[in-house]
Chemist: 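Input: one structure, supplied below.
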Amino acid sequence: MDKALKLKILDLMITSRCMEERLIKMSKSADGFFWLGGPGEEAFNIPLGLLARPGQGLDYDYFHFHYRNGATMLAMGMDPKDEIRQMNNRATDPFSGGRNFCNHYARYEWNVVPVTSTIQTQWLVAPGTARAQKRHGGDGITIVTCGDAGTAEGDFHIGLNWATQPGHESPVLFIITNNQYGISTPYEQVHGTRTLASMGAGYGMEYGEVDGTDVEASYAKLQEVMAYVRKERKPFLLEAHVTRLYGHSSSSGANRVPEGSEQDPIETWLKKLIKQKLITREAYEEKFKAEVQRMNQLLAEVKQEPEPTGDSIYQHIFKEV
Amino acid sequence: MDKALKLKILDLMITSRCMEERLIKMSKSADGFFWLGGPGEEAFNIPLGLLARPGQGLDYDYFHFHYRNGATMLAMGMDPKDEIRQMNNRATDPFSGGRNFCNHYARYEWNVVPVTSTIQTQWLVAPGTARAQKRHGGDGITIVTCGDAGTAEGDFHIGLNWATQPGHESPVLFIITNNQYGISTPYEQVHGTRTLASMGAGYGMEYGEVDGTDVEASYAKLQEVMAYVRKERKPFLLEAHVTRLYGHSSSSGANRVPEGSEQDPIETWLKKLIKQKLITREAYEEKFKAEVQRMNQLLAEVKQEPEPTGDSIYQHIFKEV
Amino acid sequence: MATMAQAIRMALHYGEENLGVTDIFGEDVGPPLGGVFTCTQGLKTAYNSPLDERGIIGCALGLALAGQRPVCEIQFGDYIFNTIDLLKIVGNSHWASIGQFEIPLVCMTIVGAGIHGSIYHSHSFESIASHIPGWKIVLPSTPIDAYGMMISAIKDPNPVMFLYPKALIRVKGTELIPGEPEDEKELHRMIDAPTGPTLYHIMEARKSWKPEWPKGLTDYQVPFGKAKIVQEGSDITIVTYARHVFMAKEAADKLKQTEGISAEIIDLRTLYPWDRETVMNSVRKTGRVLILNEDTPVTNFGEHIYREIVDTCFYELVAKPRVLAGADVPGVGLHPNLEFASIPQVQDIEKAILAICSEKP
Amino acid sequence: MATMAQAIRMALHYGEENLGVTDIFGEDVGPPLGGVFTCTQGLKTAYNSPLDERGIIGCALGLALAGQRPVCEIQFGDYIFNTIDLLKIVGNSHWASIGQFEIPLVCMTIVGAGIHGSIYHSHSFESIASHIPGWKIVLPSTPIDAYGMMISAIKDPNPVMFLYPKALIRVKGTELIPGEPEDEKELHRMIDAPTGPTLYHIMEARKSWKPEWPKGLTDYQVPFGKAKIVQEGSDITIVTYARHVFMAKEAADKLKQTEGISAEIIDLRTLYPWDRETVMNSVRKTGRVLILNEDTPVTNFGEHIYREIVDTCFYELVAKPRVLAGADVPGVGLHPNLEFASIPQVQDIEKAILAICSEKP
Ligand SMILES: Cc1ncc(C[n+]2csc(CCOP(=O)(O)OP(=O)(O)O)c2C)c(N)n1
Ligand SMILES: Cc1ncc(C[n+]2csc(CCOP(=O)(O)OP(=O)(O)O)c2C)c(N)n1
Ligand SMILES: [Mg+2]
Ligand SMILES: [Mg+2]
C-alpha cells in the first residue's frame with residue numbers, strides 16, 4: 001500500500017465518519033428520522049469500495065448491500081450530499097426520492113441494486129446477478145454483504161447453495177460483517193460455532209476471516225479473494241470482524257459506545273499513520289473539523305431542495321410500456 | 001441382531017411392500033387418488049420404527065415425518081388398514097378423516113405430528129418439540145425425516161441452527177433419506193457436495209452416513225446415534241442412502257424401476273437370511289402371497305366403511321373453548 | 001388443438017427465440033422432465049433449480065436486475081406462500097428505486113383445485129397475489145389466452161404473475177393459436193417429449209429427442225386489462241375466471257333452458273389491472289351480478305371486484321350482488337365429498353344465479 | 001395509566017404465572033432488551049431467538065404440538081411475510097388431524113404505519129392474515145383491550161394472531177387495568193427496566209434489576225368477537241380498528257361541531273371472528289357506513305366487511321357504503337408528504353364521512 005492510498009483511506013474514513021455523525025444528529029433533530037449506518041466498519045468497507053468496480057452492466061460488479069455500507073459507497077465515489085438527501089428525505093435523493101431510510105441505496109449506473117430492509121434477502125438475489133455475469137463472461141463479480149445475526153435466516157443457506165449449484169457456480173463474494181450483535185442479541189446467544197465463515201465448507205466453497213478493523217489486513221484479504229472470485233468465477237465466503245460504534249441504530253439511541261468497549265478503526269489507523277509519520281494528529285483534527293463543517297454546509301444546502309409531493313407516490317409503480 | 005428380530009424385520013418389510021403396492025394399485029384404479037410412499041426405504045425405515053419410542057407426551061419420542069415413512073409407522077405398530085383407509089379417503093382414516101393424501105400421518109397417541117406436504121417445513125417444527133423434551137428431561141427425542149432435494153430449502157439450515165442454539169441444544173435426530181432424486185432432478189444437478197450429512201459440521205453438530213438399503217448397518221447406526229441423542233440431549237444429522245423403487249409418486253407413473261437400476265433392500269435382506277438359513281425363498285413367497293391377500297381383504301373391508309360427508313369440512317377448524 | 005400446457009410451452013419457445021427470454025427455471029423445469037405439467041419441455045433455456053422457492057424468486061429478481069429476462073416457475077402455486085416477502089420486494093423494486101431498475105420478470109405457477117389435490121395442492125393464490133402491489137396478474141382459462149398472455153407477460157418490463165389453472169392444464173382449446181398446426185396429432189408428434197413408464201425410460205427416450213417447433217408462431221398477444229365476454233346476456237352478469245368460466249357456462253346453459261335466464265359471462269383473464277369498463281358496462285346493463293371464484297371467502301379478491309361494482313353501480317343495481325367463493329375452511333379435503341363442499345360446483349352456481357335473478361327490486 | 005407495551009407485558013406476566021405460558025420468544029425478546037418495543041421486559045420465560053422468522057413460527061408450532069403454551073413474537077409485522085406457508089400450516093394442523101392436535105399458540109406482532117417507518121416498516125397485515133383460515137385475529141387499540149385480549153389469546157386453545165399498532169404502542173390508556181397501580185410513575189418504577197444511552201449501559205443497569213409486578217393483576221379478558229362501540233351516533237357508522245379509531249373520532253368530533261353529523265364509531269378489536277351483530281345493528285340504525293383502515297386497498301380486509309354489510313343490509317342502506325383504505329402503492333414513503341398521501345388522514349376521513357352523509361337516497 002503506498003502512502004497516497006493510505007492517506008486516501010484516512011480521508012475517506014473521515015468523510016464517512018463525519019457523514020454518519022451528521023446523519024445521527026439529524027436523527028435526533030427535526031432533520032431526519034431513523035438512522036442506521038456503519039461507524040466501526042470503515043477499515044473494511046472503504047477497501048471494499050476502493051477495490052470494487054462500479055459501473056453499469058455485466059462488465060462491472062453488482063452490489064447487494066446491507067444497511068451499513070455508506071463508507072463503501074463513498075469509496076466508490078458517492079457524494080455525501082446524496083446520503084444527506086436521503087436522510088433528509090428530499091425529492092432530490094437520487095436513490096429513492098425521499099421514499100426510503102438512509103443507507104438504503106439504489107444506483108443504476110453503478111449496479112447498486114436497491115437495498116432492502118428485510119434482513120438477508122439480498123443473499124438470495126445475489127446469485128441471480130452473478131449467474132448473469134458468469135454467462136456474460138469477463139471478470140465482473142457480485143458483492144453481497146450482511147450482518148452476523150442475519151445469517152440465521154434460511155436465506156443464508158440458500159444464497160450459498162445457489163452460488164455452488166453444479167454447472168451454475170458463480171462469482172459471488174459473500175461478506176458477513178460480524179459486529180457480534182443483532183440489535184441487542186449477542187453473537188454467542190444465537191450461534192453455536194465460533195466462525196460463520198466456516199459454514200462455507202459444507203458447500204465446498206472457499207472461505208476465510210479477516211480483522212475488519214485493520215485497514216491493511218482488510219485491503220490485502222479483499223484483494224486476494226476478489227482476485228479469486230473474478231478469475232475462478234466461483235463464490236467466496238468472507239467474514240469480517242467489525243465494531244458498532246454507535247450501537248444498532250437511532251432506535252437504540254445512536255450514542256457512542258463507552259470508551260474502550262469497542263475498537264475504533266479510524267483511531268487505530270490514525271495511530272499507525274502517525275507512527276509512520278504520514279500525518280500528525282493535529283492535521284487529522286484539522287481535516288476532521290473541516291469535514292464536519294462541510295457536512296453541515298451540505299445539510300444546509302440540501303434543506304433548500306424540494307420535498308417529494310404527496311401525488312408522487314403514484315410514480316414508478318410500473319414502468320410504462 | 002437375533003434371529004427373531006431378523007425375521008421380524010423381514011415380515012415388516014413384506015407387510016410394508018404389500019401395503020404400498022396395494023396403495024399403488026388403488027391409485028391406478030377408482031379406489032384412490034395420488035400415491036407416494038417408501039418402497040426402497042424399508043431397510044432403514046423399519047429399524048427406525050423399531051428403535052423409536054412411540055407414546056403420548058414428552059417422555060416419548062416425537063415424529064415429524066416425510067411422506068415415505070409408512071414402513072416406520074408399521075414397525076411402530078400401525079395397522080395397515082389405517083393406511084388403506086387414508087388412501088381410500090374414508091371417514092375412518094384415523095389420521096385425517098379422508099382429508100389428506102396417503103402417507104400423511106397424524107397420530108396424537110404416538111406423538112406423530114401431522115405430516116405436511118410442504119417440503120422441509122417439518123425441519124423447523126422439530127426443534128420445537130425437542131426444546132420441550134429437553135426442558136422436560138428424560139430421554140425422549142425428536143425424530144425428523146426429509147429427502148435429499150428438500151435440503152435446498154432454507155428450512156434445512158434453520159432446523160440445524162435452532163437445534164444448536166447455545167443453551168437450547170436439543171435432542172433432534174435429523175434424518176435425510178437420500179434417494180438421489182427430487183422428482184426428476186438428479187442429486188448431482190443441484191448439490192455441490194458429495195454428502196449432505198457433512199453440512200452438520202458448520203453447526204458444530206455430530207453427523208454421519210449410512211447405507212439405508214442395508215438392514216444391519218441401518219439398525220446398528222440408528223442404535224448408536226439414537227443412544228447419543230437420547231443421552232447427550234444434542235442433535236445428530238444422519239444421511240441414509242436409499243432407493244426409490246416406484247419412482248417419485250403416482251404422478252410419475254408409480255411403476256417399478258427397471259431391473260438392476262436400483263437396489264431392492266428386501267431382496268438383499270432376503271438373500272442374506274436365506275444364506276443364513278433363516279428362511280427359504282419359498283417360505284418368503286408364501287408369506288408375501290398371503291400378505292397380498294390380506295391387503296386385498298383389508299381394502300374390501302375399508303370400502304364398506306363410511307365416507308366423509310360434505311358438511312364435515314366445518315368440523316375441527318377450531319377447538320371449542 | 002393445443003392444450004394449455006402446449007400453448008404455454010410454445011409461447012415460452014417464442015419468447016426465448018424472439019423476445020430475449022434468457023432463463024426458464026424452477027423445480028423439474030429443465031430436462032429430463034420439462035415441468036411436472038410438461039409446460040417447459042424442449043426449451044433451450046430451461047433448467048432445473050434447487051428445490052427452493054425462495055431461491056427461485058430471489059434468483060429471478062437478481063437476473064432481472066442484471067438486465068436478463070427470466071421466467072421462473074413455482075411448481076405449484078401452493079408452494080409460493082414462503083415467498084410473499086420476496087414478491088413484495090420484486091413488486092417494490094422499481095418504485096423504491098424511483099424507476100431506476102426495471103424488473104422484467106415472469107413468475108408462472110399453477111393454481112386451484114379440481115385435480116384431487118387434497119389439503120395442500122388445491123390452493124388459490126389470486127387473493128394474496130392481488131394484495132401485493134407492483135405486479136400484474138393474469139389467470140387465463142383457455143390455451144389461446146394462455147399463449148397470448150404469456151407473450152404479453154414476457155414483453156412487459158414489469159413483474160408479471162402468470163397463474164394458470166390446474167384443472168384446465170390438459171384441456172384442449174377450441175381456437176387455433178396462430179402458427180399452431182391444424183392437426184393436433186401432428187402437434188403432439190412435434191413438441192411433446194417422448195414418455196415412458198419410469199424416469200429411467202424417459203431419460204433414455206429423451207436423450208436424442210429434440211422438439212420440432214411449429215414454424216409460424218407469432219407474437220400474438222392478449223393485452224393485459226382486457227376481459228373477455230364469453231357469452232352475452234341480459235339478465236345477470238357473472239364475473240369469473242379460470243375453471244369457473246366453464247362451470248358458470250354450464251350453469252347458465254342449464255338455467256337458460258329451464259328458466260329462460262340470459263346470463264352474461266365475463267372471463268376476467270387479467271386480475272390486475274382488471275377490466276373495470278367491461279365489467280361495469282355489463283352490470284349497468286343487467287343490474288344483477290354474481291362474482292365467482294374458488295379461493296377462500298374472507299378477504300377474497302372477488303370482494304374487491306364486489307366493492308368496486310357496488311361503489312360504481314350502487315344506484316343501478318336491481319338486486320343485491322353476490323360473491324360465491326370457496327368455503328371458509330383450512331384446506332380442501334381429499335375425498336370428493338369434501339372437495340365438492342369446499343369449491344363452488346355447478347349446482348351451487350345455479351342456485352346463486354337463481355337467488356339473484358328471483359330477487360324483486 | 002399503562003401504555004399498551006406495559007399492558008401487554010403485564011398480561012404476559014400474568015400468563016406465565018397463572019395460565020401456563022412456557023415460552024415467550026423472538027428476536028431481542030429476552031434480556032437484555034426485552035423487546036424492541038419493551039413488551040417483554042422482565043418476563044421469566046422470555047428469551048432471544050435466532051434472527052429468523054420462519055424458525056420462530058416453526059419452533060412455536062413444535063412447542064404447541066408438544067403441549068407447551070408458547071407466545072412468539074415477530075419483531076415487526078413487516079417481517080412476517082416470509083412465513084405465510086407456516087401460518088397456513090399452523091392454521092390447518094388441528095383440522096388436518098381431525099382435531100387430534102391442539103395448537104395453543106399466540107403470535108404477536110406490531111403492525112401499521114405512523115412512526116415514519118418508511119417502505120418496509122409500515123405494513124398492515126390484517127388483509128393477508130384474515131385470508132389464512134384457522135387463526136383468530138385481534139388488533140386492540142387501547143392498553144386495557146390489549147391486556148384483556150392477550151389474556152384471552154393465551155387461554156384460547158387455538159392459534160391467535162395478536163396484532164398491535166405501532167402508532168399506539170406508547171400511548172397511555174384512559175382506563176385502569178384491573179390490578180394496575182393508580183400512579184403511573186409507580187408503575188414505571190415497578191415494571192420498566194432501567195435504561196441507558198447504549199446497550200452497554202443497559203446491560204450493566206439490568207444486571208441486578210428485577211421487575212416488581214403489581215400484585216392484583218387478574219385474568220381480565222376481552223372476549224373474542226366482541227366489538228366496542230366507541231361512541232354512539234345516528235347518522236353514519238364507522239367500522240374501524242387500531243389507530244384509525246382515534247383518527248375517526250377526531251374527524252367525527254369535528255363534523256359533529258361543524259355539520260352536526262352524529263357518527264357511531266365501532267372499534268372491531270377482533271378481526272376474526274368479527275362482530276357481525278354489533279356492526280349490522282349499527283348499520284341498520286344509521287343506513288350509512290364507512291369502513292376504514294390503512295392497509296392497501298386491493299383485496300383489503302375492509303372489503304370483506306363491506307361485502308358482508310352490503311349482503312346483509314342491502315335494502316336498508318340509504319347511501320352507498322365506502323371503504324377508505326391506504327393507497328394502492330408498493331410502500332409507504334418516508335417523507336411525511338408521502339406517508340400522509342398513502343395512509344388515510346383525519347381530513348380524508350372527514351371528506352369520506354361528508355360524501356356519504358350528503359348522498360341523497
Ligand atoms: C427479516 C427481518 N427480520 C427482522 C428485522 C429487524 N432487524 C433489523 S436489523 C436487525 C439485526 C441485524 O443484525 P445483524 O444481521 O447482525 O446486522 P447488524 O445490524 O449487526 O449489522 C433486525 C433483527 C429485519 N429488518 N428484517
Ligand atoms: C415447498 C414445496 N415445494 C415443492 C413441492 C413439490 N414436491 C413434492 S416432492 C418434491 C421432491 C422432493 O424430493 P426429495 O426432498 O429428494 O424427497 P423424495 O421425494 O425424493 O423422498 C417436490 C419438488 C413441495 N411438496 N413442497
Ligand atoms: Mg451484527
Ligand atoms: Mg429424493
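By convention in this document, chain letters (A, B, ...) are assigned in the order of the sequence lines, proteins followed by strands, and residues within each chain are numbered from 1.
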Chemist: Given that the side chain runs from C-beta out, which part of D:Q75 has a heavy atom under 4.5 Å from chain A: side chain, backbone, both or neither?
Modeler: side chain

Chemist: Around atom CZ of A:R194, are there more than 12 heavy atoms from other residues, nucleotides or ligands closer than 6.0 Å?
Modeler: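 No, the 6.0 Å shell around CZ holds no more than 12 heavy atoms from other groups.
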
Chemist: Using the side chain to side chain contact (heavy atoms under 4.5 Å, CB included) rule, take D:I119 and A:R99 through it: C-alpha gap first, then chi angles, then the decisive distance, then the call.
Modeler: CA-CA 7 Å; D:I119 300 186; A:R99 290 175 176 180; 4.2 Å; yes

Chemist: Could you tell me whether the side chains of D:Y200 and A:E262 share a donor-acceptor contact shorter than 3.5 Å?
Modeler: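 The criterion, which ignores hydrogens and geometry beyond distance, is satisfied for A:E262 and D:Y200.
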
Chemist: Establish, from distance only, whether the side-chain atoms of A:S184 and D:D28 form a donor-acceptor pair under 3.5 Å.
Modeler: yes

Chemist: Would you mind telling me which of A:I183, A:N88, A:V190 has the largest number of heavy-atom pairs within less than 4.5 Å of chain D?
Modeler: A:I183

Chemist: Atom NZ of residue position A:K28 - does it have more than 12 heavy atoms of other residues, nucleotides or ligands inside 6.0 Å?
Modeler: yes

Chemist: For D:P197, which atoms come within 4.5 Å of any heavy atom of chain A: side chain, backbone, both, or neither?
Modeler: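 D:P197 touches chain A through backbone and side-chain heavy atoms alike.
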
Chemist: Given the rule in the side chain to side chain contact (heavy atoms under 4.5 Å, CB included) test, do A:E307 and D:N337 qualify, once you have shown the distances and angles that lead to the verdict?
Modeler: CA-CA 8 Å; A:E307 302 178 332; D:N337 290 348; 3.2 Å; yes

Chemist: A:S251 versus D:V36: any side-chain heavy-atom pair under 4.5 Å?
Modeler: no

Chemist: Heavy-atom distance under 4.5 Å to chain D: side chain of A:R90, backbone, both or neither?
Modeler: neither

Chemist: Identify which of D:L51, D:V332, D:D52 forms the greatest number of heavy-atom pairs closer than 4.5 Å to chain A.
Modeler: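 Heavy-atom pairs under 4.5 Å are most numerous for D:L51.
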
Chemist: At a heavy-atom separation under 4.5 Å, does D:T195 approach chain A through its side chain, its backbone, both, or neither?
Modeler: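 Neither the backbone nor the side chain of D:T195 comes within 4.5 Å of chain A.
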
Chemist: If you count heavy-atom pairs under 4.5 Å with chain D, which of A:G182, A:G310, A:S117 comes out on top?
Modeler: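 It is A:S117.
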
Chemist: Hey, what do you get for CG (D:L199) to CZ (A:R244), rounding to the nearest 0.5 Å?
Modeler: 6.0 Å

Chemist: Which region of A:E153, side chain (C-beta onward) or backbone (N, CA, C, O), has a non-hydrogen atom less than 4.5 Å from a non-hydrogen atom of chain D, or is it both or neither?
Modeler: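 For A:E153, heavy atoms of backbone and side chain both lie under 4.5 Å from chain D.
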
Chemist: Are A:T185 and D:P50 side-chain neighbours, meaning at least one heavy-atom pair lies under 4.5 Å?
Modeler: no

Chemist: Under the ring pair (Phe, Tyr, Trp, His ring centres under 6.0 Å) test against D:H116, which residue among A:W35, A:F33, A:F101 passes?
Modeler: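 Output: one option passes, namely A:F33.
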
Chemist: Quick check on D:K44: does its NZ atom have over 12 non-hydrogen neighbours (other residues, nucleotides or ligands) under 6.0 Å away?
Modeler: yes

Chemist: Count the heavy atoms belonging to other residues, nucleotides or ligands that lie under 6.0 Å from CD of D:Q347, then report whether that count exceeds 12.
Modeler: no

Chemist: Tell me, for A:F156 versus chain D, whether the close heavy atoms (under 4.5 Å) come from the side chain, the backbone, both or neither.
Modeler: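 Neither; nothing under 4.5 Å.
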
Chemist: Closest approach of A:P308 and D:L338, non-hydrogen atoms and distance?
Modeler: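 Closest approach of A:P308 to D:L338, heavy atoms only: CB-CD2, 3.8 Å.
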
Chemist: Give, for atom NE2 of D:H335 and atom CD1 of A:I313, the distance between the pair rounded to the nearest 0.5 Å.
Modeler: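 Going from NE2 on D:H335 over to CD1 on A:I313, the span is 13.5 Å.
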
Chemist: May I ask you to check whether A:H104 and D:Y120 place their ring centers less than 6.0 Å from one another?
Modeler: no

Chemist: Nearest 0.5 angstrom please: D:N82 CG to A:D155 CG, how far?
Modeler: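 Going from CG on D:N82 over to CG on A:D155, the span is 7.0 Å.
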
Chemist: State, without any angle test, whether A:N100 and D:S118 hold a side-chain donor-acceptor pair at a distance under 3.5 Å.
Modeler: yes

Chemist: Might you point out which heavy atoms bring D:T198 and A:P258 nearest each other, and give the distance in Å?
Modeler: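 Here D:T198 and A:P258 meet closest at OG1-CD, 3.7 Å.
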
Chemist: Name the member of D:S49, D:G117, D:G55, D:G331 that forms the most heavy-atom pairs with chain A at distances under 4.5 Å.
Modeler: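 When all of D:S49, D:G117, D:G55, D:G331 are compared, D:G117 has the most.
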
Chemist: If you count heavy-atom pairs within less than 4.5 Å of chain D, which of A:D311, A:T151, A:T309, A:N255 leads?
Modeler: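 Heavy-atom pair counts peak at A:N255.
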
Chemist: Heavy atoms only, distances under 4.5 angstrom: which of D:H121, D:R54, D:E339 has the most pairs with chain A? Name it, please.
Modeler: D:H121

Chemist: As an exercise: rank A:A91, A:G98, A:G253, A:S96 by heavy-atom pairs under 4.5 Å with chain D and give me the winner.
Modeler: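 With the most close heavy-atom pairs to chain D, the winner is A:G98.
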
